[in-house]
Amino acid sequence: MADPLHELDSAAQPLALVHDAAAPYLASLATRPVVDPDAAKLLDGLGGALPETGTGGPETVERLLGIGTAAATASSGPRFFHFVTGGATPAALAADWTAALLDQNAFARISSPLAHEVETVALDWLRQLVGLPDGWGGALVGSATFANFTSLACATHWWGERQGVDVADTGLVGLPRMPVLSGGYVHSSSRKALQMLGHGRNTVEVFARDGVGRVDLAALERRLAGCGPAVIIANAGEVNAGDFDPLADLADLAGRYGAWLHVDGAFGLFAAVSPRSRHLTDGIERADSITADGHKWLNVPYESGFALIREPSRLGRAFGMPGAPYLPGPQDPAGGYGLFGPESSRRSRAMPIWATLAAYGRAGYREMVERHLDLAQRLARLVDEAPDLERLADVPLCIVCFRARPHGVPEKDLDDLNRKLGADLLADGRVFAGTTVYDGKVALRPAIVNWRTTATDVDAFVAVVRSLVARLV
Ligand SMILES: *Cc1c(COP(=O)(O)O)cnc(C)c1O
């Protein structure tokens, strides 16, 4: 096979193969191990020299499906508790295929009125889902890292205005350092965003009052009082235990001292979906920018983050590309989201968001979030009841932070034991969770955000962990 034009008449054939593979793969997710250690050798089948003559679409896709369905990490299944990782709802997955089928460029209205309109609706539905007032706007981006980048770019532009400079035009040269203040929950991706924006990741000044990282409001306020316009980064849902910074207190400080308040709610923003957890996000409506992820608790496929901005016109000022005569400008009716965020040409990542919200609605998401809240409490209870496990933190949301603490093992040996446990868990592959260091102690921190996860999976997780602990002592 050479020129793809030879497949003009059979272009849908490889798609049919994907369709045929879908049902058995999706059905297998409930029980398959997260990783099959024996499948690793299949990855060799991807390599070799670049083919001179290709094998054609159907044969190639068959090969990819063979390797893929065996060697994939089943992170879209119900037993993947590592990081904070959602799956893909049935409607979102099918809409993602639709987005690939239609292959729209969601750069601007002129490139695709369809993609533009779906994105406009999806952003507004997300705003409504989390209860933000009318007038907020946003940008769909590839990830929460890019949502932090987008938000902090707007913050940078805002701060530049206070220095009398349009930093989108002339950059940061000659300006003092932009003060960035945070508690200890600040996520490494906010630091990465600051490093990409030219502030440097070490620009964050951390005000923590304990080893967990809880914010020291008094110290942060003293610094705010002395530093002029500043950016505060708050976390709605930190990754170790799902805890929240006191957003209302930080919003008060931002108001009092004229600071920009950015909230990283990559997964925690979805606490606002349930009346049971909404209080954790109180005050978030007074933020200037918010980060969240669609590929976590919303359960849409990668790559799906979003930034919500209180004054959406700031996006065009920070990300517009004036001066290219063949492109529309930010205010041009032919323009669109490619001028309101870091990417220009982009896929229609709004389609899965639109579809999942249309399919399951506000009530469906509330029900799912509340199921996960219940499952996190169930997991906490199982940990509390197990004599060989010790919970290290409260469980306000969907993460349970705990460690193994078998009888007779001295405290000084527990970090090593838990590191070993974490490695054994990943090598075992039946369930997945990662380790962290919480208040100086090595711990596991399973997170529950997958729409498929049920009590059976949580019980299986605890059973696997305890069986591995038993082998360590
Ligand atoms: C996951 C996460 C991020 C980064 O998200 P990506 O989508 O992987 O870029 C940022 N902040 C928090 C709190 C997170 O949980």
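Atom set for the values below is all heavy atoms of this structure, side chains included, hydrogens, waters and symmetry mates excluded. In each ligand, atom 1 is the first atom listed, and ligand 1 is the first ligand listed.
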Just list the side-chain donor-acceptor pairs under 3.5 Å for residues 96-103, sequence neighbours left out, or say none.
from : atom 1 : to   : atom 2 : distance (Å)
D96  : OD1    : R347 : NH1    : 3.0
T98  : OG1    : A94  : O      : 2.8

If you count the atoms of ligand 1 from 1 in the order shown, which ones are under 4.0 Å from a heavy atom of [X]?
X	answer
F267	15 (O)
G237	13 (C)
V239	15 (O)
N235	13 (C)

So which protein heavy atom does [atom] come closest to, and at what separation?
atom	answer
atom 14 (C) of ligand 1	K296 NZ, 2.9 Å
atom 12 (C) of ligand 1	A266 CB, 3.3 Å
atom 7 (O) of ligand 1	D293 OD2, 2.6 Å
atom 10 (C) of ligand 1	S189 OG, 3.1 Å

Check: Y185 main-chain N/O paired with E238 side-chain donor or acceptor under 3.5 Å |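 Side chain of E238 to backbone of Y185: no pair is present.
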
What pairs of donor and acceptor atoms, side-chain ones from residues 135-150 against any protein atom, are under 3.5 angstrom apart with sequence neighbours left out?
from : atom 1 : to   : atom 2 : distance (Å)
S143 : OG     : T145 : N      : 3.4
S143 : OG     : F146 : N      : 3.1
N148 : OD1    : H262 : NE2    : 2.8
N148 : OD1    : T291 : OG1    : 2.6
N148 : ND2    : S189 : OG     : 3.0
N148 : ND2    : S190 : OG     : 3.4
N148 : ND2    : D264 : OD2    : 3.3
T150 : OG1    : F146 : O      : 2.6

Give the ring-plane orientation class for W354 versus W125, where under 30° counts as parallel, over 60° as perpendicular and anything between as tilted.
-> parallel

Atom [atom1] of [X] with >12 non-hydrogen neighbours under 6.0 angstrom:
X	atom1	result
E161	CD	yes
D394	CG	no
E205	CD	yes

Before signing off on this row, confirm whether D264 and ligand 1 have an N or O atom pair separated by under 3.5 Å.
->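 For ligand 1, there is an N or O atom that lies under 3.5 Å from one belonging to D264.
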
A144 N/O to ligand 1 N/O under 3.5 Å = yes

Ignoring hydrogens, just give me the one of T145, T291, V141 whose non-hydrogen atom is nearest atom 9 (O) of ligand 1.
->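 Residue with the shortest heavy-atom distance to the ligand atom: T145.
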
Proximity of F146 to ligand 1 by residue part, where a heavy atom lies under 4.0 Å | neither

Lys/Arg N to Asp/Glu carboxylate O, E117 vs R109, below 4.0 Å = no

May I ask whether G305 places a heavy atom under 4.0 Å from ligand 1?
-> no

Determine whether any heavy atom of H295 lies closer than 4.0 Å to an atom of ligand 1.
-> yes

Would you please test R127 and D124 for salt bridge (Lys or Arg N to Asp or Glu O under 4.0 Å) and show each step?
-> CA-CA 5 Å; R127 175 191 70 75; D124 199 55; 2.7 Å; yes

